[in-house]
Structures are given as C-alpha cells and as structure tokens.
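Here is the structure we will look at.
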Amino acid sequence: MSRDYAFDVVIVGAGLVGASFALLLKRKVPNVRILVLESNKSIPSSKIAVADSDIRGIALSRDSKNILKTAGIWAALEKSAAPIESIHVSDKGHPGTARLNRSPDDEDPLGYVVEGRWLSNSLNENMTQKKIQIWYSTEITDTLIEKDQVRLTTSKNNTVIVAKLLVVADGVYSKIASQLGFWVKSKDLGQKAIVASVTLDRKHRGIAYERFTQSGVLALLPLPTSMGQSKVSLVWTQPSEFALQLEQATDVLFLDELQAQFGYRSGIFIDVSARTSFALTTSFAEEMIRARVVLLGNVAHSLHPVAGQGLNLSLRDATGLAEAIASASNANKDFGSVCVLDKYRKDRLFEQHLIAEFTGNLPALFSSQNIVLKLGRNLGLCSLDLIPILREKFLNFGINGKVL
Ligand SMILES: Cc1cc2nc3c(=O)[nH]c(=O)nc-3n(C[C@H](O)[C@H](O)[C@H](O)COP(=O)(O)OP(=O)(O)OC[C@H]3O[C@@H](n4cnc5c(N)ncnc54)[C@H](O)[C@@H]3O)c2cc1C
C-alpha cells in the first residue's frame with residue numbers, strides 16, 4: 001500500500017541549480033515544505049568523496065556570489081574560490097586582444113572561479129543543515145496535474161506525493177519535461193568540452209583567458225593555489241572526434257597540443273589532471289511554465305560554455321522564482337497558478353533570450369572562414385580594447401552576464 005506525502009514544492013534534480021533554488025526558497029519562505037528528488041545514488045558530501053567528482057571550473061559573476069551569499073553557502077565556499085582580477089580574450093593567429101582589468105576602486109574582483117565539486121558539496125551540506133528533505137535514487141514514474149496540486153508517483157516503493165508546485169531541474173536531457181510534452185528546442189553542436197586542471201610553472205595572477213581558435217574555444221580560469229602549486233581550470237571545446245583523441249592522449253602529447261594552441265602567455269604547462277568531457281548541446285524551452293510546473297536550469301536553457309554564463313543565468317532565474325513564490329505566499333495567493341508563474345516567466349524571458357543569443361552566436365562567429373566576418377571580429381576585439389564604451393559592455397557581460 002502506498003501512502004501520500006504532501007509538500008508545497010517538489011524539485012526534481014539536486015544539481016547545481018535545483019539545490020541552489022531549494023536553499024534560496026528556504027531562505028525566503030522558511031516554513032515552506034520542500035522535497036528534492038534526485039536520481040543519483042547520492043551526491044558526495046564528504047571532502048574525501050568529493051575529490052574525484054566534477055572538476056569543472058565554474059566562473060561565477062558578482063551577482064552569483066551575492067546570490068550564493070543569500071543562499072547561505074558563500075562563507076563556506078569562499079576558501080575554495082579564486083578571484084578573477086583580469087580577463088584576456090584573444091583570437092589565435094590574429095593580433096586583437098581584449099583585456100578587462102579590475103579597477104583599483106573596485107571592492108570586488110571581476111568574478112570568482114570555483115570547481116563544480118566544491119560548489120555541489122557546499123550546496124548539499126547546506127541542504128542537510130537546513131533539513132531540506134532529499135530522496136536519492138528516486139525518479140518520478142507518473143505525473144498527474146490536477147487543478148490545485150500535482151500528484152507524483154515515485155520509483156521509491158511507488159510512493160505518491162502531492163505538491164502545489166513541481167520545479168523540474170533535472171538537466172538538459174530532462175525526462176520529466178519530455179514526459180509532460182514540453183517543447184524544448186535543442187541542437188547537438190557536434191562538439192565536446194574537455195575539462196581538466198593544469199599546473200603552471202608560474203603564478204596565474206588571477207587572469208582568466210579565453211582564446212578562440214578555428215576549431216573551438218579555449219578557456220583557462222584561475223584556481224586557488226593547491227599545495228603551493230599554481231593551477232588553472234581548462235575548458236577546451238573541439239569537434240567530438242578530435243576531442244576524444246585529446247582526451248585519450250598521453251599527458252605529454254596533450255600538454256604539447258595545448259601549449260601550441262594557447263601559446264605561452266600564461267607560462268609553461270607542466271602537468272595536467274585526469275580529463276573529462278561534456279558533449280555540447282544548446283537548448284531553449286519554448287514553453288517554460290504551465291499551471292503547477294516550471295522548468296529551471298539546463299532544462300529551461302542550456303548554453304554554450306563559451307562565456308561561462310549557464311549557471312550564472314540560472315541562479316538569477318532561481319532567485320526570481322523564489323521571490324515570486326515568496327510574494328505570492330505572503331499575499332495568500334496560489335504560487336502554483338499560471339498567473340504567478342507566467343509573471344515570473346515574463347520577468348525572466350528577455351534576459352534569457354539575450355544571453356542565449358549572445359553566447360550562441362559567439363562560437364559561430366569565431367569559427368567562421370568568412371574573411372569579412374574575420375576582419376570584423378578582429379576589429380571587434382581590437383576595438384573592445386580601445387573603445388571604453390564597448391569594453392564597458394563586454395566587461396558588464398563578463399561580470400554580471402548582462403549585455404545592456
Ligand atoms: C564544460 C562546462 C563549463 C561550464 N562553465 C560554466 C561557467 O564557467 N559558468 C557558468 O555560469 N556556467 C557554466 N557551465 C554551465 C553550468 O554547468 C550549468 O548551467 C549547470 O551545471 C546546470 O545545472 P542544472 O542543475 O540545471 O543541471 P545538471 O547539473 O545537469 O543537474 C541535473 C540534476 O538532475 C538529476 N536528474 C537527472 N534526471 C533526473 C530524474 N529523472 N529524476 C531526478 N533527478 C534527475 C541529475 O542527476 C543531476 O543531479 C558550464 C557547463 C559546462 C558543460
């Protein structure tokens with residue numbers, strides 16, 4: 001016999017976005033009853049277990065730092081984060097380079113870099129501290145959307161749950177969104193992002209590099225010093241076949257190719273960690289909400305990692321959604337209603353489109369053989385360095401993820 005459990009909000013997916021949203025919502029509406037369902041067995045919670053997991057260097061904007069502060073995890077996370085003091089953007093084989101530096105009056109650095117594993121660890125530890133219920137190894141097997149609630153059957157002994165709102169945050173290949181028939185427009189880019197940490201022969205001085213090449217984009221992000229060694233986090237996008245060769249290459253061959261593509265602007269690469277890779281898909285949900293259901297994180301929009309904006313954008317969405325729920329609940333309104341959710345959608349849509357367009361167009365522009373475009377993009381980078389107003393706009397995008 002199965003038993004019904006009642007919650008206010010059920011979040012599917014305890015990834016970076018689902019977990020951040022759970023904490024933000026708990027902060028804004030302390031008495032809210034939240035349940036998080038996660039298909040993974042468990043997410044590492046001890047620092048030993050965490051050592052082998054997600055080594056992606058995630059660049060966080062100033063906004064994101066403040067959001068993570070509100071979520072209550074920044075104080076613990078800060079020691080695992082490296083400040084970005086300067087951003088250098090260049091194009092292999094062409095002279096244009098844009099340099100964006102922290103100004104002496106700036107209280108904060110341009111942003112921070114933290115490895116996914118430490119962020120995930122802090123989020124999960126904090127959910128446990130806040131007594132947010134998480135059911136691991138659990139998926140939804142059936143969903144019924146009723147007038148006042150959503151009824152979910154789970155794989156955990158067929159337990160049935162009812163909730164006022166279902167937040168779908170189960171990632172880019174969302175089972176739930178497709179079961180419910182949400183229309184998500186997606187594109188397989190035929191590329192992979194190779195991720196590793198690389199040891200330098202000198203200090204990185206907080207410089208984040210982004211280098212565009214014919215076949216892909218290369219980013220080197222500063223990491224906190226580890227056992228006296230200066231390390232950077234590498235994200236290197238390449239066509240899938242070549243990416244596989246790079247992933248399987250010996251460390252020496254890998255570092256040789258990296259040095260050839262990147263040059264010596266950050267010094268000599270002396271060591272590389274084990275590599276992992278991510279197949280790149282961009283997607284955008286044409287439908288983001290329905291009565292009692294909202295899509296959040298990668299299921300709502302998955303961006304090319306070129307400008308490091310996916311999580312930054314989703315954290316601002318998560319804040320907007322938590323605020324919408326808080327104000328509806330303070331006004332005794334039904335926060336799962338179309339009316340409340342549609343207002344949230346409209347508030348977020350412009351920025352979501354803008355950033356998806358901006359990050360979606362950059363790689364195409366930089367891999368184009370078209371001479372006019374090539375000229376234009378070099379002029380673009382040079383002028384970025386030379387014309388303060390353009391620099392301002394680009395800098396604002398890098399720091400706050402806002403183009404305007
Ligand atoms: C190489 C790379 C570098 C990046 N760098 C940056 C950066 O510098 N800055 C930035 O802002 N963004 C960056 N991003 C983007 C960022 O990583 C994503 O935006 C973010 O991780 C999305 O998180 P998510 O929680 O939506 O999805 P996911 O991380 O995919 O989490 C989904 C969760 O749902 C669970 N799940 C899946 N299916 C089910 C199911 N059926 N039931 C229950 N649970 C389920 C999964 O196990 C997982 O825990 C980068 C991305 C890549 C690939």
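These figures come from a predicted structure and were not determined experimentally.
Of the options Leu315, Asp317, Val167, Thr319, a side chain to side chain contact (heavy atoms under 4.5 Å, CB included) to Phe21 is made by Val167 and by none of the others.
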Practice prompt. Carefully, step by step, assess Val198 and Trp236 under the rule side-chain contact (heavy atoms from CB on, under 4.5 Å).
Written response: CA-CA 12 Å; Val198 176; Trp236 190 0; over 6 Å; no
Item to complete: Mind running side-chain hydrogen bond (donor to acceptor under 3.5 Å, both in side chains) on Glu257 and Gln261 for me, showing each step along the way?
Response: CA-CA 6 Å; Glu257 182 62 25; Gln261 293 296 321; 3.1 Å; yes
Discussion item. If you apply the rule side-chain contact (heavy atoms from CB on, under 4.5 Å), what do you find for Phe7 with Ile34, and how did you get there?
Written reply: CA-CA 6 Å; Phe7 293 90; Ile34 302 175; over 6 Å; no
Discussion item. For Val184 and Ser174: C-alpha separation, side-chain torsions, deciding distance, then whether side-chain contact (heavy atoms from CB on, under 4.5 Å) applies.
Written reply: CA-CA 10 Å; Val184 180; Ser174 171; over 6 Å; no
Discussion item. Test side-chain contact (heavy atoms from CB on, under 4.5 Å) on Leu23 and Ile132; report intermediate values, then the result.
Written reply: CA-CA 8 Å; Leu23 289 169; Ile132 293 174; 4.0 Å; yes
Item to complete: Apply the test side-chain hydrogen bond (donor to acceptor under 3.5 Å, both in side chains) to residues Ser86 and His88: give CA-CA distance (whole Å), side-chain angles for both, the deciding distance (0.1 Å), then the verdict.
Response: CA-CA 7 Å; Ser86 183; His88 293 191; 3.2 Å; yes
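No side-chain heavy atom of Ile55 sits less than 4.5 Å from a side-chain heavy atom of Ser233. Counting only heavy atoms from C-beta outward, the side chains of Leu341 and Leu321 approach each other to under 4.5 Å. For the pair Phe182 and Ile176, the minimum side-chain heavy-atom distance is 4.5 Å or more. At least one side-chain heavy atom of Ser314 sits under 4.5 Å from a side-chain heavy atom of His301. Leu313 has its side chain within reach of Arg348: a pair of non-hydrogen atoms, C-beta onward, lies under 4.5 Å apart. With a 4.5 Å cut-off on side-chain heavy atoms, Leu311 and Ser64 do not count as touching. Taking 4.5 Å as the limit, every side-chain heavy atom of Leu258 sits out of range of all side-chain heavy atoms of Val272. In this structure the side chain of Thr282 never reaches within 4.5 angstrom of the side chain of Phe284, judged on heavy atoms.
A donor-acceptor pair under 3.5 Å is formed between the side chain of Asn124 and the backbone N or O of Ser120. Checked by atom type and distance alone, the side chain of Glu38 pairs as donor or acceptor with a backbone atom of Asn40 at under 3.5 Å. For the pair Glu146 (side chain) and Arg151 (backbone), a donor-acceptor distance under 3.5 Å is absent. Counting only distance, with no hydrogens or angles, the side chain of Arg102 and the backbone of Gly111 share no donor-acceptor pair below 3.5 Å. A donor-acceptor pair is defined here as one N or O able to donate and one able to accept, closer than 3.5 Å; such a pair exists between the side chain of Ser155 and the backbone of Glu139. At distances below 3.5 Å, at least one donor-acceptor pair connects side-chain atoms of Arg292 with backbone N or O atoms of Lys164. With hydrogens and angles ignored, the 3.5 Å screen pairs a side-chain donor or acceptor of Thr138 with a backbone N or O of Tyr136. Remark: the backbone N or O of Thr281 is paired with a side-chain donor or acceptor of Ser302 at under 3.5 angstrom. Between the side chain of Asp334 and the backbone N or O of Gly336 there is at least one donor-acceptor pair closer than 3.5 Å. Checking side-chain atoms of Asp8 against main-chain N and O of Arg33 turns up a donor-acceptor pair under 3.5 Å.
Atom CD of residue Gln248 and atom OG of residue Ser277 lie 9.5 Å apart, to the nearest 0.5 angstrom. Distance check: Ser197 OG to Gln229 CD gives 9.5 Å after rounding to the nearest 0.5 Å. Taking CD from Glu351 and NE2 from His353, the interatomic distance works out to 12.0 Å, rounded to the nearest 0.5 Å. In this structure, OG on Ser337 lies 10.5 Å from NZ on Lys147, to the nearest 0.5 angstrom. Here OG1 of Thr237 is found 7.5 Å from CG of Leu218. Values are rounded to the nearest 0.5 Å. Atom CD1 of Ile84 and atom NE2 of His204 lie 10.5 Å apart (nearest 0.5 Å).
Closest non-hydrogen pair, Ala82 versus Leu223, comes out as CB-C, 3.5 Å. For Gly18 against Ala169, the heavy-atom pair with the smallest separation is CA-CB, 3.9 Å. Residues His304 and Leu280 share a closest heavy-atom pair of NE2-CD1, 4.0 Å. When all heavy atoms of Gln309 and Arg316 are compared, the closest pair comes out as OE1-NH2, 4.5 Å. Pairing each heavy atom of Ile325 with each of Leu25, the nearest pair is CG2-CD1, 3.8 Å. Of all the heavy atoms in Leu165 and Val293, the pair that sits closest is CD1-N, 4.0 Å.
Annotation: cation-pi geometry satisfied between Arg265 and Phe262 (NZ/CZ under 6.0 angstrom from ring centroid, within 45° of ring axis).
Taking the charged nitrogens against the carboxylate oxygens, Glu247 and Arg275 have no contact shorter than 4.0 Å, which rules out a salt bridge.
A 6.0 Å sphere centred on CZ of Arg205 holds no more than 12 heavy atoms belonging to other residues, nucleotides or ligands. The number of heavy atoms from other shown groups lying within 6.0 Å of NZ (Lys130) is above 12. Heavy-atom neighbours of Glu241 CD from other residues, nucleotides or ligands within 6.0 Å: at or below the threshold of 12.
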